[in-house]
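Everything below concerns the one structure shown next.
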Amino acid sequence: MMQSRTHTCGELRIGDAGKQVTLAGWLENFREVSATLGFVVLRDFYGTTQIVAETEEMMATFKDITKESTIQVTGTVRERSSKNPKQATGDIEVVPTEVKVLGKNIHASLPFEINHSKEADETARLQYRYLDLRNPEVKKNIILRSQVIAALREAMIAHGFMEITTPILTASSPEGARDYLVPARKHPGKFYALPQAPQQFKQLLMTAGFDRYFQIAPCFRDEDARGDRSPGEFYQLDMEMAFASQEDVFSIMEDVLPPIFAKYGKYDRASGAPFKRIPYLEAMEKYGSDKPDLRIDLTVQDVTGVLKDTGFGPFASMDENGEDRKVVIKAVVVSGFEGSRKFIDKTLADVEVQAGDKPYWFRVDENGDIVGGISKFVTPVKDAVVSALSLKPGDFVGISAGKLRAAQKTAGVLVKTLGAAVPGHMDKEQYAFCWICDFPMYEIGEESGELEFCHNPFSMPNGGLETLLKAERGEIDPLSITADQYDIVCNGIELSSGAVRNHDPEIMVKAFELVRLGEEDVKSRFPAMYNAFTYGAPPHAGIAPGVDRMVMLLSGEDSIREVIPFPMNKNAQDIMMGAPSEVTQAQLDELHLKTTAVEE
RNA sequence: GGCCCGGUGGCUCAGCUGGUUAGAGCGCCGCCCUGUCACGGCGGAGGUCGCGGGUUCGAUCCCCGCCCGGGUCGCCA
């Protein structure tokens with residue numbers, strides 16, 4: 001039997017002219033020019049090749065084949081009389097002697113046109129994902145994903161890390177996101193859970209003496225989707241290292257990520273080591289965000305002192321009852337501003353939608369006068385404002401006011417929105433990384449009004465046991481305790497949190513006691529880890545950057561579904577496979593599950 | 001769960017202040033075309049305008065409810 005192909009559709013060149021070849025692929029298009037001349041575009045994974053039909057018989061053969069059927073073509077390579085420089089194989093064509101249909105497309109019209117599938121309705125794309133992925137534009141993101149994952153593996157292994165897989169069926173974790181549960185057939189009434197992250201397993205691997213672990217790890221969380229968050233499942237480059245500090249983790253990531261971003265990304269520039277380190281509180285104060293976009297040169301300044309009580313209602317420091325409103329006022333100065341009034345209104349409306357709070361503004365005109373927006377209230381304190389913000393003619397000032405957190409958030413949205421919209425304030429064509437570090441260990445819960453863990457209880461408090469004891473004795477404010485915890489941020493997108501872990505059971509218990517929990521809570525919530533740490537654990541630290549997010553940044557796509565081979569829709573359904581689906585009564589019985597008809 | 005936007009031939013979309021027979025491009029079918037490559041030309045088929053109710057002489061259009069999709073907030077240790 002003849003082999004199915006001698007070459008791919010992407011490789012024949014002028015030097016191959018005269019060769020007998022066999023190609024196989026999808027019939028992408030058939031251009032009929034006359035009764036005895038037509039051109040077939042044959043497409044496979046590697047590219048496209050033109051097949052020319054020059055006889056009535058060959059015309060009839062191709063006319064009978066539905067587009068998108070798979071065919072095998074045997075023939076001779078020939079130099080084209082009119083070449084196509086836009087096509088890699090554009091110098092040649094294949095004159096067929098034999099054409100065979102391998103897999104017939106029986107559908108006269110497709111749900112969408114393959115080469116324009118990105119414009120089609122997303123439900124149709126996901127339902128016919130195997131057709132959507134035939135589009136080279138769609139396929140290229142999945143190829144990129146594969147290459148990036150391969151490069152990450154290679155780099156991690158080169159740095160002495162070992163990939164170890166961890167269980168998919170495990171125990172439900174009491175904290176964090178909603179779990180996906182799997183009924184246990186052999187244990188009526190009990191459930192496995194899919195891991196939200198391999199967090200506890202990787203810490204147990206450290207305790208077991210594996211020095212440097214990593215894994216391209218699937219993670220499962222039953223939370224709602226976003227444009228940049230896939231529902232249900234996603235992948236992390238999960239890593240952990242023993243006898244390691246925060247600096248050790250930083251230097252590995254600073255070594256591994258920039259070359260991969262520069263090589264595979266749409267921009268060829270990426271931050272070099274060391275990345276800028278910004279303490280959490282400084283980030284909130286200076287950028288109004290714990291995920292600043294360092295490609296933007298704008299920053300936030302505090303103007304509470306000069307602008308409060310200027311008569312503008314939202315800036316008032318006291319309410320009508322004389323109570324302190326705890327208002328702070330933040331300013332973002334944009335130099336060289338030439339935008340129109342319409343541009344200002346539209347941009348600030350965007351800010352209001354995103355921040356949920358109204359921003360204010362004024363400008364400094366060419367004479368140095370304060371004009372526009374809230375200028376009426378600012379002009380009386382002009383000298384103080386000009387001096388506080390070093391204002392010059394041509395400056396635009398965006399203002400936010402409110403309680404600290406809200407004012408910072410609005411100012412942060414002003415920075416990102418104005419930075420992107422006003423020319424000259426964003427050096428866009430690069431990957432700008434930074435570390436956000438020194439996160440607070442505790443915060444006052446918005447609902448409870450009491451002290452709670454700020455992020456997660458696994459992080460080592462800065463200063464260890466001694467610091468916690470001081471807080472317990474009331475010598476320091478527990479809110480001032482920071483954790484050895486960090487986020488890695490790229491272009492304003494949080495790729496991951498990480499931390500130096502708390503490997504000391506005594507410190508762990510003390511950390512829990514400060515939030516009115518204790519040893520029993522630690523033991524019941526994290527039994528394996530607590531026990532393991534009582535047998536001698538190494539200090540360890542790690543991080544887990546999201547793979548899907550990284551590929552999204554590299555590809556420049558706005559939707560995470562574009563970088564996932566078979567994504568679910570926003571409602572966590574796989575339309576193509578029909579998941580989730582009903583199951584048989586026999587399956588339910590075997591799992592000891594009662595059906596509960598959902599009453600709508 | 002809240003808010004915003006959308007749902008019109010297979011696909012993408014237009015459709016005015018509510019008014020005859022709901023249009024265009026792509027795709028599909030037929031005919032023509034000897035070098036196309038987003039081939040071109042001529043002709044044709046194809047629509048419960050998401051579903052239900054209301055207002056009206058008359059609803060794709062206005063109102064109410066619901067369904068579906070996307071975005072966003074909540075949520076995501």
Side-chain angles (χ1 to χ4, degrees), chain A residues 28-43 48-56 59 63 66-68 78-87 89-91 93 95 105 107-128 131-132 173-179 195-197 199-200 219-234 349-350 353-357 409 439 443 446-447 452-459 483 485 494 497 499 501 515 525-526 544 546 549 558-561 569-571 573 575 600:
Chain A
E28 179 169 302
N29 196 13
F30 180 36
R31 290 187 290 270
E32 293 175 70
V33 179
S34 78
T36 54
L37 180 67
F39 302 95
V40 167
V41 179
L42 189 65
R43 180 192 72 237
T48 57
T49 299
Q50 174 164 292
I51 313 295
V52 58
E54 295 177 314
T55 63
E56 278 185 34
M59 288 298 289
K63 213 167 172 170
T66 327
K67 283 183 195 176
E68 291 303 320
R78 183 174 76 187
E79 182 175 0
R80 287 198 208 181
S81 59
S82 58
K83 300 182 174 52
N84 183 355
K86 287 187 287 187
Q87 195 178 16
T89 61
D91 286 350
E93 61 196 359
V95 186
N105 166 29
H107 304 275
S109 66
L110 301 167
F112 42 76
E113 287 162 65
I114 300 298
N115 285 331
H116 297 275
S117 69
K118 275 188 128 173
E119 296 150 37
D121 176 65
E122 194 165 65
T123 303
R125 293 181 62 194
L126 295 186
Q127 182 172 357
Y128 298 94
L131 296 181
D132 186 27
S173 165
E175 306 208 8
R178 229 174 266 124
D179 279 324
Q196 294 179 24
Q199 181 72 32
Q200 297 193 60
C219 304
F220 305 89
R221 293 177 193 177
D222 188 3
E223 296 294 344
D224 289 349
R226 283 288 181 282
D228 64 352
R229 201 168 78 206
S230 182
E233 57 185 76
F234 61 97
D350 288 348
V353 167
Q354 270 191 67
D357 255 332
K409 183 183 174 188
F439 276 83
E443 65 183 353
E446 282 190 18
E447 282 179 23
E452 291 176 0
F453 284 115
C454 195
H455 283 81
N456 72 57
F458 307 122
S459 304
Q485 179 168 336
E494 180 192 324
S497 284
R501 318 299 175 183
V515 291
R525 291 186 193 195
F526 312 104
R549 289 253 174 101
D558 289 328
S559 165
I560 202 157
R561 292 183 289 277
N569 70 7
K570 190 199 167 191
N571 287 321
Q573 294 166 299
I575 305 293
E600 297 284 345

Sequence-distant partners of Lys63(A), side chain to side chain contact (heavy atoms under 4.5 Å, CB included), two or more places apart: Phe30(A), Glu32(A)

Phosphate OP1/OP2 of U36(B) contacted by Arg31(A) side-chain N/O (<4.0 Å): no

Interatomic distance, Gln87(A) CD vs C39(B) P [rounded to whole Å]: 11 Å

Given RNA chain B, 5'-ward residue of the pair Asn456(A) and Ala124(A), judged by closest heavy atom: Ala124(A)

Those residues that, when tested against Arg226(A), pass side chain to side chain contact (heavy atoms under 4.5 Å, CB included) (two or more places apart): Asp228(A), Arg229(A)

Residue list, salt bridge (charged side-chain N to carboxylate O under 4.0 Å, His left out) with Glu443(A), at least two apart or on another chain: none

Atom-pair distance (CD on Glu119(A); P on A38(B)), nearest Å: 16 Å

salt_bridge(Glu122(A), Lys570(A)) N-O dist < 4.0 Å: no

Residues that Phe458(A) engages under ring-ring contact (aromatic ring centres under 6.0 Å, His included), provided they are two or more places apart: Phe526(A)

Residues which pass side chain to side chain contact (heavy atoms under 4.5 Å, CB included) with Lys409(A), listed by chain and number, not counting sequence neighbours: none

Any residue meeting salt bridge (charged side-chain N to carboxylate O under 4.0 Å, His left out) with Glu28(A), in chain and number order, not counting sequence neighbours: Arg43(A)

Ile560(A) CD1 to C76(B) P, straight-line distance once rounded to whole Å: 18 Å

Spacing between Phe439(A) atom CZ and A77(B) atom C1', to the nearest angstrom: 13 Å

Which residues share a side chain to side chain contact (heavy atoms under 4.5 Å, CB included) with Gln573(A), sequence neighbours left out: Asn569(A), Asn571(A), Ile575(A), Pro580(A)

Protein proximity profile, nucleotides 25-35 of chain B - base contact B, sugar-phosphate-only contact S, no contact -, cut-off 4.0 Å on heavy atoms: -BSS----BSB

Spacing between Asn115(A) atom CG and U12(B) atom P, to the nearest angstrom: 16 Å

Touch class at under 4.0 angstrom, heavy-atom based, for Asp222(A) against every strand present: nothing

Whole-Å distance separating the NE2 atom of His455(A) from the C1' atom of A77(B): 9 Å

Any residue meeting salt bridge (charged side-chain N to carboxylate O under 4.0 Å, His left out) with Asp91(A), in chain and number order, not counting sequence neighbours: none

Stem list, RNA chain B (Watson-Crick or G-U pairing under 3.5 Å, at least 3 consecutive pairs): B:1-7 with B:67-73, B:10-13 with B:23-26, B:28-32 with B:40-44, B:50-54 with B:62-66

Salt bridge (charged side-chain N to carboxylate O under 4.0 Å, His left out) pairs, two or more places apart, involving residues 108-121 of chain A: Lys118(A)-Glu557(A)

Touch class at under 4.0 angstrom, heavy-atom based, for Lys118(A) against every strand present: nothing

Protein-to-nucleotide contact annotation, 5' to 3' order, nucleotides 68-75 of chain B [B base; S sugar-phosphate only; - none; under 4.0 Å, heavy atom]: -SSBBBBB

Side chain to side chain contact (heavy atoms under 4.5 Å, CB included) evaluation trace for Val52(A) with Leu37(A): CA-CA 7 Å; Val52(A) 58; Leu37(A) 180 67; 4.0 Å; yes

Length of the CZ-P vector between Phe220(A) and A77(B), whole Å: 16 Å

